Protein chains: 2
Amino acid sequence: MLKKQKIPNATLDRLPLYFKYFKQSEDNGIDRVSSREISEALDIDSATIRRDFSYFGELGRKGYGYNVHALVKFFSEQVQGTGMKNVILIGVGNLGSALLNYNFTKIHDKIKIAVAFDIDQHIIGQTINGVEVKDICELESVVQDIQAEVAILTVPGQVGVDLSSKLEALGIKGILNFTPEKLAVSNEVTVHNIDLSVEMQALLFYMKHNN
Amino acid sequence: MLKKQKIPNATLDRLPLYFKYFKQSEDNGIDRVSSREISEALDIDSATIRRDFSYFGELGRKGYGYNVHALVKFFSEQVQGTGMKNVILIGVGNLGSALLNYNFTKIHDKIKIAVAFDIDQHIIGQTINGVEVKDICELESVVQDIQAEVAILTVPGQVGVDLSSKLEALGIKGILNFTPEKLAVSNEVTVHNIDLSVEMQALLFYMKHNN
């Protein structure tokens with residue numbers, strides 16, 4: 001279904017927002033949405049929405065709107081691939097704990113943190129929201145046992161950099177990087193950076209330009 | 001210095017990344033960077049970088065690169081405006097605590113959380129990383145006293161929605177929204193949404209398209 005042409009990064013950035021919107025609409029029993037409704041809900045202009053969707057073939061019809069179920073199915077297929085992905089989380093501090101308590105499955109039933117790691121003996125052995133915290137020494141054996149593909153890094157910056165090349169060697173294919181550092185991985189590993197100070201900076205930029 | 005033409009959202013989204021890169025370069029004693037160096041560090045193609053910078057007038061010269069100090073100054077001016085912004089944080093759970101412990105001033109010396117709020121009597125009165133946690137009942141008087149302009153919402157979704165219209169009435173101009181809900185504010189308030197499940201979804205999309 002996905003055309004082979006290169007999808008712009010700006011479009012890819014919006015796909016999770018679209019997915020979330022369609023999933024919520026479906027949960028609310030809505031069958032069909034117009035690009036204007038999407039536009040109002042997500043604050044993205046209609047022309048951009050129509051252009052984004054043009055990369056995915058015929059998902060909507062003019063004057064009819066988009067079929068919510070078909071779109072949820074389409075977006076799900078885009079991420080599910082071969083099925084469940086085992087996710088590990090490294091660093092059970094405040095942010096790591098927040099993520100462990102976060103209900104990812106609400107938005108996507110294939111996302112589940114399987115196991116967490118830390119170096120602190122007071123935390124190791126605890127179970128947070130059903131996820132066991134293991135000693136980081138066990139990283140190698142556990143990642144291979146459960147064939148984890150995705151890692152969430154909520155550790156101090158330099159620790160994350162040091163860990164990242166190890167994670168790549170262990171077969172991790174995607175990293176959600178909450179450290180402010182650039183990780184030491186090849187192009188084979190997809191990294192999505194979330195730097196909270198950059199997000200704060202972004203808010204201030206938008207405030208400035210909203211005036 | 002900023003041209004009056006409308007800057008695309010995709011460009012605005014990248015500004016904080018540019019700012020962070022230039023700030024780090026300056027901290028490392030680097031005077032000048034090329035668009036290729038920026039491209040490699042941030043994984044954004046050079047043409048996009050040059051186009052983004054074209055919105056801000058003559059910040060670089062062909063074959064010479066960009067002056068790091070001038071750019072840091074430019075970006076700082078973009079966000080600083082009239083000076084220090086008082087930031088409040090509402091909801092001192094794991095994520096709120098993580099943000100209180102986060103050193104925002106590392107990237108921008110005008111960002112400082114002035115005060116935090118919660119409803120839990122066990123947390124109220126504590127000081128986290130120098131920030132006092134006050135009773136949410138004091139929200140109105142404190143926000144007016146310190147003339148807070150920015151709020152960080154790390155509360156459950158519906159609580160955030162209910163609080164948001166109150167915050168607007170109190171004069172808050174920008175909200176960093178960590179709830180998964182759409183806030184109930186007018187266009188006068190700039191909202192920057194960070195939904196952690198959307199970020200996880202984004203990573204899976206990118207992994208899919210990186211293959």
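Quick caveat, the model's predicted, so the values are computed rather than measured. Chain naming here is simple, since letters A, B, ... match the order of the sequence lines and numbering starts at 1 in each.
In this structure, the separation between CD1 on B/Ile194 and CG on A/Leu196 is 6.5 Å, given to the nearest 0.5 Å. Residue A/Leu17 holds its CG atom at 10.0 Å from CD of B/Gln201, rounded to the nearest 0.5 Å. Rounded to the nearest 0.5 angstrom, B/Glu199 CD and A/Leu99 CG are separated by 10.5 Å. Between the CG atom of A/Leu204 and the CG atom of B/Leu176 there is a distance of 9.0 Å, given to the nearest 0.5 Å.
Open room surrounds CD on B/Gln147; 12 or fewer heavy atoms of other groups in view lie less than 6.0 Å from it. Counting heavy atoms of neighbouring residues, nucleotides and ligands inside a 6.0 Å radius, atom CD1 of B/Ile119 does not exceed 12 of them.
Scanning residues 89-98 of chain A against chain B with a 4.5 Å heavy-atom cutoff picks out A/Asn94, A/Leu95, A/Ser97, A/Ala98, ordered by number.
Here the closest non-hydrogen pair linking B/Met207 and A/Glu149 is CE-O, 4.1 Å.
Every residue meeting the side-chain contact (heavy atoms from CB on, under 4.5 Å) condition with A/Val131, not counting sequence neighbours, appears here in chain and number order: A/Leu100, A/Lys112, A/Ile113, A/Ala116. Scored by the side-chain contact (heavy atoms from CB on, under 4.5 Å) test, A/Ser165 finds no partners at all (sequence neighbours excluded).
Proximity to chain A is limited to the side chain of B/Asn101, based on heavy atoms less than 4.5 angstrom apart.
Judged as a ring pair (Phe, Tyr, Trp, His ring centres under 6.0 Å), the pairs with a partner in residues 170-198 of chain B (not counting sequence neighbours) are, in order, A/Tyr206-B/His192.
Between the side chain of B/Lys20 and the main chain of A/Pro180, a donor-acceptor pair closer than 3.5 Å is present.
Residues B/Ile152 and A/Leu203 form no side-chain contact, since every pair of their non-hydrogen atoms from C-beta on lies 4.5 Å or further apart.
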